[in-house]
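The residues of the chain are indexed from 1 along the displayed sequence.
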Amino acid sequence: GIDLPEVIGLETKSVEPREMLFMGRLHPVKGLMNLVKAINLVRPEGWVCVLTGPDTEGYQSELVAKIQEYGIERWFEFAGEVSGAGKSALYEQASLFVLPSFTENFGVVVPEALSHAVPVLTTDVTPWNHLPEIGCGWTVPVGVTPLAETLKQITEMDPNQLNEMGRTGREYVEHAFAWPQIASQMSELYAATTAR
């Protein structure tokens with residue numbers, strides 16, 4: 001379960017530069033080097049990629065070196081580790097959430113992003129392959145090319161279309177991951193188990 005933000009403002013999500021957000025450990029398993037390479041291929045005008053989270057074993061310096069090698073510094077910001085209001089503010093600003101991981105057992109950042117009406121782009125090795133069916137995201141095979149192709153498509157979309165996908169994601173999370181729903185499911189499971 002996750003705590004749902006009470007108020008979602010979509011007006012900031014259409015202001016340039018629009019933000020695609022990654023939130024999590026800066027670690028090779030998260031597929032961030034693929035993201036850097038994909039953005040180098042696409043170089044989406046009017047967008048910036050915000051990488052947020054703790055630096056693991058100095059991996060940020062590897063990412064920065066590759067960004068500098070490509071000369072794409074203006075497409076990236078590193079926001080460091082955040083929590084509480086700072087974390088919510090980043091979600092509020094974001095037009096897209098990106099999780100290009102090589103593996104995830106759940107990825108709580110996905111429902112967190114959706115709860116802030118941010119559509120999600122992730123890989124098909126995460127447990128989020130149903131997002132396209134719901135209409136609130138995309139899943140792609142692990143790799144630079146599929147990520148770049150989908151990023152190009154997304155960053156050329158009308159902001160209102162992305163916002164609408166975000167609203168759909170918010171509705172999905174309200175029904176599937178809000179704590180009252182989770183508590184109700186646990187209560188029903190407990191009742192069914194004890195009735196045997």
Side-chain angles (χ1 to χ4, degrees), residues 2-27 30-32 34-36 38-39 42-55 60 63 67 72-101 104 106-123 126 128 131-132 134-140 147-148 150-174 177-178:
I2 62 166
D3 295 314
L4 291 174
E6 291 183 15
V7 179
I8 300 298
L10 296 176
E11 60 280 351
T12 60
K13 298 181 185 294
S14 302
V15 176
E16 290 193 5
R18 294 165 68 197
E19 294 182 4
M20 64 181 80
L21 174 67
F22 165 85
M23 191 173 291
R25 292 178 300 139
L26 303 186
H27 186 280
K30 298 297 184 179
L32 296 176
N34 282 349
L35 180 58
V36 169
I39 290 177
V42 178
R43 300 191 178 213
E45 286 303 321
W47 283 80
V48 64
C49 180
V50 180
L51 302 177
T52 304
D55 184 13
Q60 180 173 327
L63 296 170
I67 289 166
I72 54 174
E73 292 91 336
R74 71 184 177 96
W75 275 279
F76 285 91
E77 292 177 10
F78 288 87
E81 193 168 359
V82 295
S83 61
K87 186 177 181 180
S88 293
L90 285 169
Y91 281 128
E92 286 293 325
Q93 284 291 124
S95 295
L96 173 69
F97 188 84
V98 187
L99 185 66
S101 297
E104 288 286 342
F106 181 69
V108 72
V109 289
V110 171
E112 282 182 353
L114 293 171
S115 76
H116 286 82
V118 184
V120 172
L121 167 61
T122 189
T123 54
T126 70
W128 298 101
L131 296 186
I134 296 168
C136 60
W138 302 261
T139 55
V140 298
L147 191 58
T150 306
L151 276 175
K152 185 176 191 307
Q153 170 199 336
I154 295 169
T155 55
E156 291 175 354
M157 287 173 65
D158 184 284
N160 293 326
Q161 189 177 355
L162 273 179
N163 287 346
E164 191 54 44
M165 292 181 72
R167 286 190 192 94
T168 300
R170 165 71 184 209
E171 291 170 5
Y172 162 60
V173 168
E174 284 178 354
F177 294 103

Report the distance from atom [atom1] of [X] to atom [atom2] of [Y], rounding to the nearest 0.5 Å.
{"X": "Thr52", "Y": "Leu90", "atom1": "OG1", "atom2": "CG", "result": "4.5 Å"}
{"X": "Thr123", "Y": "Lys30", "atom1": "OG1", "atom2": "NZ", "result": "10.0 Å"}
{"X": "Ser95", "Y": "Glu19", "atom1": "OG", "atom2": "CD", "result": "7.5 Å"}
{"X": "Trp138", "Y": "Thr150", "atom1": "CH2", "atom2": "OG1", "result": "9.0 Å"}
{"X": "Leu96", "Y": "Arg18", "atom1": "CG", "atom2": "CZ", "result": "9.0 Å"}
{"X": "Met23", "Y": "Leu51", "atom1": "CE", "atom2": "CG", "result": "11.0 Å"}

Would you say the side chain of [Y] lies within less than 4.5 Å of the side chain of [X], judging by non-hydrogen atoms?
{"X": "Phe76", "Y": "Val36", "value": "yes"}
{"X": "Leu35", "Y": "Cys49", "value": "yes"}
{"X": "Leu63", "Y": "Phe78", "value": "yes"}
{"X": "Val118", "Y": "Leu21", "value": "no"}

Do [X] side-chain atoms and [Y] backbone N/O form a donor-acceptor pair below 3.5 Å?
{"X": "Thr168", "Y": "Cys136", "answer": "no"}
{"X": "Ser115", "Y": "Glu112", "answer": "yes"}
{"X": "Trp128", "Y": "Phe106", "answer": "yes"}
{"X": "Trp75", "Y": "Pro44", "answer": "yes"}

Salt bridge (Lys or Arg N to Asp or Glu O under 4.0 Å), that's the test. Do Arg74 and Glu45 meet it? Break it down for me. CA-CA 10 Å; Arg74 71 184 177 96; Glu45 286 303 321; 3.0 Å; yes

Specify the closest pair of heavy atoms between [X] and [Y], including all atoms of both residues, with the distance to one decimal.
{"X": "Leu26", "Y": "Gln60", "value": "CD1-OE1, 3.4 Å"}
{"X": "Met165", "Y": "Gly137", "value": "CE-N, 3.5 Å"}
{"X": "Gly166", "Y": "Pro119", "value": "CA-CD, 3.9 Å"}
{"X": "Thr155", "Y": "Met20", "value": "CG2-CE, 4.0 Å"}

Between Arg25 and Glu81, does any side-chain N to carboxylate O distance fall below 4.0 Å? no

Is it true that Arg167 and Glu171 have a side-chain N and a carboxylate O under 4.0 angstrom from each other? no

Which residues pass the salt bridge (charged side-chain N to carboxylate O under 4.0 Å, His left out) test with Glu156, not counting sequence neighbours? Lys152

Could you label the plane-to-plane angle of the Tyr91 and His116 rings as parallel, tilted or perpendicular, counting under 30° as parallel and over 60° as perpendicular? parallel

Pick out which of Leu99, Leu131, Leu151, Thr139 makes a side-chain contact (heavy atoms from CB on, under 4.5 Å) with Leu121. Leu151

